[in-house]
Amino acid sequence: MTAKIAYDEVEVGTELPAGTFPVTRATLVRYAGASGDFNPIHWNEKFAVEVGLPDVIAHGMFTMAEAVRVVTDWAGDPAAVVEYGVRFTKPVVVPNDDEGALIEVSAKVAAKLDDQLVRVDLTAMCAGQKVLGMSRAVVRLA
């Protein structure tokens, strides 16, 4: 596969379609099983509170992966992302209810680089707080 977005059709400031990603306790259990990360802060409310967290929190790498879906969906090919990095700024707190939490992600093209590459800056929010800082992806376009 290759990116479906043409480099020449993208300008600095182009906004990508935003995404909203629900996270429940069941989501975290499935992710823990797939990743092998069974740290109790991600599933045991009592333990999470004892170590100073407000409640169970989502895995950082899960949050990071959900956010970049906005970019991969836009590009049309996950392999088009050649670089991706974030700073974890706030945890995604996941309450024990039927709704859980929502990660809301917006993104825009911040720079056009050489060799058909663009830098996309992402903003990931949950409950009105920015949960990822310096979230940037470099994407090779068609």
Side-chain angles (χ1 to χ4, degrees), residues 1-113 116-142:
M1 294 179 68
T2 59
K4 295 179 181 177
I5 304 295
Y7 179 84
D8 292 335
E9 295 175 9
V10 173
E11 300 295 330
V12 171
T14 299
E15 293 186 16
L16 283 61
T20 302
F21 307 99
V23 187
T24 64
R25 296 280 177 95
T27 308
L28 299 181
V29 170
R30 286 192 299 275
Y31 182 82
S35 69
D37 182 352
F38 294 100
N39 186 325
I41 64 173
H42 303 304
W43 58 270
N44 184 318
E45 185 174 334
K46 180 179 180 290
F47 184 86
V49 171
E50 285 175 354
V51 298
L53 295 168
D55 204 334
V56 165
I57 63 170
H59 304 72
M61 297 301 283
F62 171 83
T63 304
M64 186 178 176
E66 288 293 83
V68 80
R69 286 175 54 190
V70 166
V71 178
T72 60
D73 289 351
W74 170 73
D77 179 9
V81 177
V82 297
E83 184 179 317
Y84 177 49
V86 306
R87 289 190 181 161
F88 301 107
T89 56
K90 298 279 185 192
V92 173
V93 178
V94 182
N96 190 17
D97 59 22
D98 294 334
E99 295 183 25
L102 286 177
I103 301 169
E104 300 171 298
V105 182
S106 60
K108 68 179 177 180
V109 175
K112 289 185 81 168
L113 311 171
Q116 305 294 101
L117 297 171
V118 296
R119 190 187 89 218
V120 176
D121 291 353
L122 297 91
T123 301
M125 306 286 291
C126 183
Q129 294 190 324
K130 193 172 182 181
V131 295
L132 298 176
M134 298 295 292
S135 184
R136 296 179 173 169
V138 175
V139 183
R140 185 174 316 282
L141 299 180

Just wondering, more than 12 heavy atoms not from Asp97 lying within 6.0 Å of its CG?
->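 Buried by this count: over 12 neighbours within 6.0 Å.
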Could you grab the distance from atom [atom1] of [X] to atom [atom2] of [Y], nearest 0.5 Å is fine?
X      : Y      : atom1 : atom2 : result
Met61  : Glu66  : CE    : CD    : 12.5 Å
Ile5   : Thr2   : CD1   : OG1   : 11.0 Å
Asn39  : His59  : CG    : NE2   : 7.5 Å
Arg140 : Gln116 : CZ    : CD    : 8.5 Å
Phe47  : Leu53  : CZ    : CG    : 9.0 Å
Lys4   : Asp77  : NZ    : CG    : 8.5 Å

Answer yes or no: is there a side-chain heavy-atom contact under 4.5 Å between [X] and [Y]?
X      : Y      : answer
Val12  : Val118 : no
Val81  : Thr72  : yes
Thr27  : Phe62  : yes
Leu122 : Leu132 : no
His42  : Ile57  : yes

Is the backbone of Tyr7 close enough, under 3.5 Å, to the side chain of Lys112 for a donor and an acceptor to pair up by distance?
->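 Indeed, once roles are kept as given, a pair shorter than 3.5 Å links the two residues.
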Hey, does the side chain of Thr14 reach the backbone of Val109 with a donor-acceptor pair shorter than 3.5 angstrom?
->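 Not at all, since once roles are kept as given, no pair shorter than 3.5 Å links the two residues.
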Which pairs count as ring pair (Phe, Tyr, Trp, His ring centres under 6.0 Å) when at least one residue sits in residues 72-94, sequence neighbours excluded?
->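 Qualifying pairs, neighbours excluded: none.
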Sequence neighbours excluded, every pair satisfying salt bridge (Lys or Arg N to Asp or Glu O under 4.0 Å) that has a member inside residues 83-95 |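 Listed once each, the pairs would be none.
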According to the salt bridge (Lys or Arg N to Asp or Glu O under 4.0 Å) rule, which pairs have a member within residues 17-34, sequence neighbours left out?
->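 Listed by first then second residue: Arg25-Glu45, Arg25-Asp55.
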Which pair of non-hydrogen atoms, one from [X] and one from [Y], has the smallest distance, and what is that distance?
X     : Y      : result
Pro54 : Val49  : O-CG2, 4.0 Å
Pro17 : Val70  : O-CG1, 3.3 Å
Pro95 : Ala101 : CD-N, 4.3 Å

In this structure, which one of Leu117, Val71, Val120 forms a side chain to side chain contact (heavy atoms under 4.5 Å, CB included) with Val138?
->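 Of Leu117, Val71, Val120, side chain to side chain contact (heavy atoms under 4.5 Å, CB included) with Val138 is met by Leu117 alone.
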